[in-house]
Amino acid sequence: MRRLARLLLLCLVFARAGLTCDPYAEHVARGQALQREARWIEAAETFLQVDPSWTVEGGEVIPVGTYAWSRATAGFCFLRAYQAQQDPDLVSAARACLREATRVAREREEATTLSLVALYTGQLEEALGHEDLALVAFEGVTPAHQELWSRACYHRVRLHQRRGDLAAAEACASTLGDVRDRFTAYTAYTLAGWWDDLARRAPERVQRGLFAGRAAAYARRFLDCVQQGDYARSTLTPAHLRFLARLCRAVGREADAREVEALGS
């Protein structure tokens, strides 16, 4: 408690002086800017410049709060670089960063960072085609971290889709309650397409109707996400809108179909 109080006092003093209590804040900001420009290796190298601790006046060593997060994010950047260049050395670099982030986050009991590491590890294993390992890693993301959870669920749904395990995919999707999250929208769109494919291939009329109804329900959920959340409407193409409107009209949901079409106006 004394250490925490000391750190909070230092942050207050620095803030009043117009400074930051994290001496690596500029490195983090620079790394994030490089991420936005998709300069993945440069971004990773910038995040790696963040040290685990720093020494204040009087010789006291203070942990750097962004260290584990920076290591995890460097691992993600190396992953994205690997996806672009297919250099196996980048996979090794990503794994090393994620291991270090896990070690420090556990020591410091940084639950959010541990969820972030689980998400990035899952994405790494998915990119390498290790589906079982990816699913295990994604399960390490906890529902308490809603944004990370929704991202992990979206990846899990896609993996279950590749395996044809619709029950597992829907069980995962059922845990997503926040329609404002764009990954909830991605998940709904994915499942709408899956049910539509099943409906078109179903041999019996009743079965086709049931499957089409499920597809339309997910189309409606996607629409709710777009209307209420942070989904980038500019990414919706006319083909997307025609597809969703068709799903709604197939089961007589004309009002929903018109709402979908209105997104393009």
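For the numbers below, each heavy atom of this structure counts, side chains included, while hydrogens, waters and symmetry mates do not.
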Could you go through residues 43-51 and list every donor-acceptor pair under 3.5 Å that involves a side-chain atom there, pairing it with any protein atom two or more places apart or in another chain?
residue, atom, partner, partner atom, Å
Thr46, OG1, Glu42, O, 2.8
Gln49, OE1, His27, NE2, 3.3
Asp51, OD2, Tyr24, OH, 2.5

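The CG atom of Leu247 sits 13.0 Å away from the OH atom of Tyr218 when rounded to the nearest 0.5 Å. Rounded to the nearest 0.5 Å, atoms CD1 (Ile41) and CG (Leu90) are 5.0 Å apart. Atom OH of Tyr67 and atom OG1 of Thr113 lie 12.5 Å apart (nearest 0.5 Å). Separation of atoms CG (Leu198) and CZ (Arg214) is listed at 11.0 Å; rounding is to 0.5 Å. In this structure, NE2 in His160 is found 9.0 Å from SG in Cys153, a value given to the nearest 0.5 Å.
The residues Arg246 and Asp196 are annotated as salt-bridged, a charged nitrogen and a carboxylate oxygen being separated by less than 4.0 angstrom. Using a 4.0 Å cut-off between charged nitrogen and carboxylate oxygen, Arg30 and Glu26 do not count as a salt-bridge pair.
The hydrophobic cluster containing Leu244 also contains Val226, counting ILVMFWY residues as joined when their side-chain heavy atoms lie under 4.5 angstrom apart, directly or transitively. Criterion: ILVMFWY side-chain heavy atoms under 4.5 Å apart, direct or through other members. Under it, Val157 and Phe243 are not part of a common hydrophobic cluster. Note: the hydrophobic cluster containing Phe222 does not contain Leu166 (ILVMFWY, side chain heavy atoms under 4.5 Å, direct or indirect links). There is no path of hydrophobic side-chain contacts, each under 4.5 Å, that joins Leu114 to Leu98. One hydrophobic cluster, built from ILVMFWY side chains closer than 4.5 Å, holds both Phe78 and Tyr82.
Not one N or O on the side chain of Ser53 forms a donor-acceptor pair closer than 3.5 Å with the backbone of Ile62. At least one donor-acceptor pair closer than 3.5 Å links the side chain of Thr175 to the backbone N or O of Cys172. No donor-acceptor pair under 3.5 Å is formed between the side chain of Thr66 and the backbone N or O of Trp69.
Residues forming a ring pair (Phe, Tyr, Trp, His ring centres under 6.0 Å) with Phe211 (at least two apart in sequence, or on another chain): Trp195. A search for ring pair (Phe, Tyr, Trp, His ring centres under 6.0 Å) contacts involving His155 returns Phe138, not counting sequence neighbours. Arg258 pairs by the side chain to side chain donor-acceptor pair (under 3.5 Å) definition with Glu254, not counting sequence neighbours. Residues forming a ring pair (Phe, Tyr, Trp, His ring centres under 6.0 Å) with His130 (at least two apart in sequence, or on another chain): none. By the ring pair (Phe, Tyr, Trp, His ring centres under 6.0 Å) test, Tyr186 is found to be paired with Tyr154, Phe183, Tyr231, residues two or more places apart in sequence or in another chain being considered. When the side-chain contact (heavy atoms from CB on, under 4.5 Å) test is applied to Ala212, the partners found at least two apart in sequence or on another chain are Ala199, Val251. Judged as a side-chain contact (heavy atoms from CB on, under 4.5 Å), and not counting sequence neighbours, the contacts of Ala38 are Trp40. Every residue was checked against the side chain to side chain donor-acceptor pair (under 3.5 Å) condition with Tyr120, not counting sequence neighbours, and none meets it. With sequence neighbours excluded, the residues forming a salt bridge (charged side-chain N to carboxylate O under 4.0 Å, His left out) with Glu131 are Arg163, listed by chain and number.
The environment of Gln146 atom CD is dense: over 12 non-hydrogen atoms of other residues, nucleotides or ligands sit within 6.0 angstrom. Heavy-atom contacts from other residues, nucleotides or ligands closer than 6.0 Å to CZ of Arg108 number more than 12. Around atom CZ of Arg162, more than 12 heavy atoms belonging to other residues, nucleotides or ligands sit under 6.0 Å away.
No option in Arg220, Arg249, Arg221 other than Arg220 meets the salt bridge (Lys or Arg N to Asp or Glu O under 4.0 Å) test with Asp256.
When all heavy atoms of Ala173 and Thr187 are compared, the pair lying nearest together is CB-CG2, 3.8 Å. Considering all non-hydrogen atoms of both residues, Ala118 and Ala137 come closest at CB-O, 3.4 Å. For the pair Gly122 and Ala134, the tightest heavy-atom approach, listed with the atom from each and the gap, is O-CB, 3.5 Å. Taking every heavy atom of both residues into account, Cys225 and Ala185 meet most closely at CB-CB, 3.5 Å.
Applying the salt bridge (Lys or Arg N to Asp or Glu O under 4.0 Å) test to pairs two or more places apart or on separate chains, none has a residue in residues 234-244. Counting only residues at least two apart or in different chains, side chain to side chain donor-acceptor pair (under 3.5 Å) contacts with residues 88-99 comprise Arg95-Glu125.
Arg158 and Gln161 share no donor-acceptor pair across their side chains, judged by distance under 3.5 Å alone. If you check the side chains of Thr142 and Trp149, you find no donor sitting under 3.5 Å from an acceptor.
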(Q) Please determine whether salt bridge (charged side-chain N to carboxylate O under 4.0 Å, His left out) holds for the pair Glu107 and Arg103, giving the CA-CA distance in whole Å, both sets of side-chain angles, and the decisive distance to 0.1 Å. (A) CA-CA 6 Å; Glu107 287 180 358; Arg103 182 187 69 79; 2.9 Å; yes

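Side-chain contact between Gln227 and Glu259: present, with at least one pair of heavy atoms (C-beta onward) separated by less than 4.5 Å.
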